[in-house]
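For reference, the structure discussed in these notes is given below.
Chain letters run A, B, ... following the sequence lines, proteins first and then strands; every chain starts at 1.
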Amino acid sequence: MPASPPPPPDLTEVSSWYREHARDLPWRHAEFHVEYGAWGTLVSEFMLQQTPVSRVIPHLEAWLHRWPSPAAMASATPAEVVHQWANLGYPRRALWLRRAAIEVTERHDGVVPRDVPALLALSGIGDYTARAVAAFHYGDRHPVVDTNTRRVIARAADGCSQPAPPSKRDLDRMSELLPQAEDQAAVFNAAMMELGATVCTARAPRCEICPLASVCAWLRAGRPDTGDRRRRQARYEGSDRQARGAVLRMLRDAPGHVLPAHAAAGDWPDPAQRDRAIDSLIADGLIEATEGELRLPN
DNA sequence: CAGGCGTGGCG
DNA sequence: TCGCCAAGCCT
């Protein structure tokens with residue numbers, strides 16, 4: 001007779017904690033949702049994909065002021081969005097966001113869809129972003145799983161110091177823990193993320209102030225180092241990514257977003273690497289080459 | 001599934 | 001100084 005899986009722990013205490021300790025962020029104001037609708041949430045979630053909150057906030061307001069709807073964004077050029085994206089990082093996200101805006105305009109009459117499958121079908125939207133929009137803007141009950149949520153579950157429920165790599169199972173896992181009521185589920189999703197971002201952090205968790213301290217399996221076990229199966233980020237210094245970043249930055253800053261090909265990172269120490277970077281940027285649609293010049297696409 | 005993809009702050 | 005880390009997604 002196989003052992004039955006342990007019952008999921010009750011982590012709903014995070015929701016009470018969240019109501020008192022949530023940071024005051026733009027997308028947590030009702031007016032934000034009234035002003036920009038699901039589009040505001042979608043843009044914020046795109047920017048927050050791997051970029052810290054503190055760097056997103058100033059860019060978010062400027063972006064939504066310039067392009068307050070999917071239709072407005074859909075008429076912008078790639079050059080305009082890449083320039084506006086500035087130094088948020090991973091500039092392909094700017095192109096994906098623009099493409100998603102076009103898709104919303106064409107497929108959904110300019111209204112960001114509420115259904116998760118429809119959201120998943122949009123460019124640049126995966127399991128996290130789709131459910132974040134459906135849960136945080138529309139208020140529907142979905143498991144919203146990001147790196148913070150996975151870390152809190154790994155520690156509090158599984159007693160591990162770090163989460164396993166992302167997996168589809170994470171969604172089922174979060175579903176088990178999610179309160180049944182829609183309004184409570186939305187708060188719980190946000191609360192798990194907030195706890196992971198501000199208390200149950202990757203490097204120096206503050207267990208002494210954690211609302212889950214009394215139920216946390218990891219703390220109860222003495223915070224053991226259970227190993228780390230996460231994927232290591234490749235070294236950035238000297239990488240192709242760094243070369244791409246240098247070329248793109250030159251073009252973002254150039255008048256008319258155009259430069260002679262030899263001027264775009266022409267002094268890069270490794271010419272072969274520079275050429276690889278240019279080719280891959282072209283392949284990604286981030287730049288184009290015409291008549292000995294490089295430019296952001298119009 | 002593993003690897004690629006920016007940028008900057010922090011311990 | 002240098003590696004880690006940040007509300008992931010695509011191929």
Side-chain angles (χ1 to χ4, degrees), chain A residues 18 22-23 25-28 40-60 82 85-97 99-100 119-137 142-152 161-171 174 186 189-198 200-206 228-252 265 273 276-277 279-281 283-286:
Chain A
Y18 178 79
R23 291 167 295 175
L25 301 174
W27 45 90
R28 291 178 177 166
T41 303
L42 185 62
V43 172
S44 70
E45 295 299 348
F46 259 87
M47 291 184 173
L48 288 164
Q49 292 169 4
Q50 298 283 278
T51 299
V53 167
S54 60
R55 282 177 50 210
V56 163
I57 288 176
H59 286 279
L60 177 63
V82 167
W85 195 259
N87 64 341
L88 281 172
Y90 290 147
R92 294 187 296 183
R93 286 182 293 160
L95 296 185
W96 290 337
L97 177 53
R99 200 180 313 157
L119 286 161
L120 285 170
L122 299 173
S123 296
I125 295 190
D127 286 327
Y128 166 75
T129 304
R131 289 170 180 79
V133 170
F136 297 146
H137 179 76
H142 298 287
V144 181
V145 178
D146 76 332
T147 185
N148 294 304
T149 302
R150 291 191 302 104
R151 186 171 53 249
V152 173
S161 51
Q162 297 293 345
S167 152
K168 290 287 184 187
R169 298 185 216 286
D170 298 332
L171 295 178
M174 186 62 174
N189 277 316
M192 290 286 278
M193 291 173 61
E194 186 74 355
L195 189 73
T198 63
C200 191
T201 55
R203 198 120 36 131
R206 303 156 67 195
D228 191 343
R229 294 152 56 203
R230 292 173 299 171
R231 198 158 46 108
R232 302 285 168 172
Q233 198 166 241
R235 178 181 184 81
Y236 183 67
E237 190 67 29
S239 68
D240 285 15
R241 293 163 67 185
Q242 186 183 34
R244 283 169 55 105
V247 170
L248 202 60
R249 177 186 300 241
M250 300 262 309
L251 287 172
R252 275 203 314 263
Q273 183 177 59
R276 267 202 313 280
D279 288 345
S280 72
L281 286 167
D284 286 345
L286 281 163

For a quick test of reading the model, state the closest non-hydrogen atom pair linking [X] to [Y] and the distance between them.
{"X": "A:Met193", "Y": "A:Thr149", "result": "CG-OG1, 3.4 Å"}
{"X": "A:Ala191", "Y": "A:Tyr18", "result": "CB-CB, 3.5 Å"}
{"X": "A:Cys200", "Y": "A:Pro205", "result": "CA-CB, 4.4 Å"}
{"X": "A:Ala130", "Y": "A:Leu119", "result": "O-CD1, 3.3 Å"}
{"X": "A:Arg230", "Y": "A:Ala202", "result": "NH1-CB, 4.4 Å"}
{"X": "A:Arg55", "Y": "A:Gly89", "result": "NH2-N, 4.4 Å"}

Inter-residue atom distance [X].[atom1] - [Y].[atom2], 0.5 Å rounding:
{"X": "A:Met192", "Y": "A:Asp146", "atom1": "CE", "atom2": "CG", "result": "9.5 Å"}
{"X": "A:Ser167", "Y": "A:Arg150", "atom1": "OG", "atom2": "CZ", "result": "9.0 Å"}
{"X": "A:Thr129", "Y": "A:Leu97", "atom1": "OG1", "atom2": "CG", "result": "10.5 Å"}
{"X": "A:Arg229", "Y": "A:Gln162", "atom1": "CZ", "atom2": "CD", "result": "11.5 Å"}
{"X": "A:His59", "Y": "A:Leu88", "atom1": "NE2", "atom2": "CG", "result": "4.5 Å"}

Pick base, sugar-phosphate or nothing for [X], based on heavy-atom distances below 4.0 Å to the nucleic acid.
{"X": "A:Asp127", "result": "sugar-phosphate"}
{"X": "A:Leu88", "result": "base"}
{"X": "A:Trp27", "result": "base"}
{"X": "A:Leu97", "result": "nothing"}
{"X": "A:Ala132", "result": "nothing"}
{"X": "A:Arg131", "result": "nothing"}

Hey, are A:Tyr128 and A:Gln49 close enough side-chain-wise for a donor-acceptor pair under 3.5 Å?
no
Please list, chain by chain and in numerical order, all residues satisfying side chain to side chain donor-acceptor pair (under 3.5 Å) with A:Ser44, sequence neighbours excluded.
none
Side chain to side chain donor-acceptor pair (under 3.5 Å) partners of A:Arg93, counting only residues at least two apart:
A:Thr51
Pairwise 5' ranking along DNA chain C for A:Thr201 and A:Ile125, keeping only the more 5' one:
A:Thr201
What base-paired stems does DNA chain B take part in, with at least 3 consecutive Watson-Crick or G-U wobble pairs and both distances under 3.5 Å?
B:2-5 with C:8-11, B:7-11 with C:2-6
Carefully, step by step, assess A:Leu286 and A:Leu251 under the rule side-chain contact (heavy atoms from CB on, under 4.5 Å).
CA-CA 10 Å; A:Leu286 281 163; A:Leu251 287 172; over 6 Å; no
Please list, in 5' to 3' order, the outermost nucleotides of DNA chain C lying under 4.0 Å from any heavy atom of chain A.
C:dG3 to C:dC10
Which whole number of Å gives the distance between the [atom1] atom of [N] and that of [M]?
{"N": "C:dT1", "M": "B:dG8", "atom1": "C1'", "value": "16 Å"}
{"N": "C:dC5", "M": "B:dC5", "atom1": "C1'", "value": "16 Å"}
{"N": "B:dG11", "M": "C:dA7", "atom1": "P", "value": "15 Å"}
{"N": "C:dG8", "M": "B:dC1", "atom1": "C1'", "value": "16 Å"}

For DNA chain B, what residues of [range] have any heavy atom nearer than 4.0 Å?
{"range": "residues 228-240 of chain A", "answer": "A:Arg231, A:Gln233, A:Tyr236"}
{"range": "residues 43-58 of chain A", "answer": "A:Gln50, A:Thr51, A:Arg55"}
{"range": "residues 89-96 of chain A", "answer": "A:Gly89, A:Tyr90, A:Pro91, A:Arg92, A:Arg93"}

Checking [X] now: which residues fulfil salt bridge (Lys or Arg N to Asp or Glu O under 4.0 Å) with it, not counting sequence neighbours?
{"X": "A:Arg231", "answer": "none"}
{"X": "A:Arg244", "answer": "A:Asp284"}
{"X": "A:Asp127", "answer": "A:Arg131, A:Lys168"}

Anything under 4.0 Å to a heavy atom of chain A counts; send over the first and last such nucleotide of DNA chain B, read 5' to 3'.
B:dG3 to B:dG11
A:His137: what forms a ring pair (Phe, Tyr, Trp, His ring centres under 6.0 Å) with it, not counting sequence neighbours?
A:His33
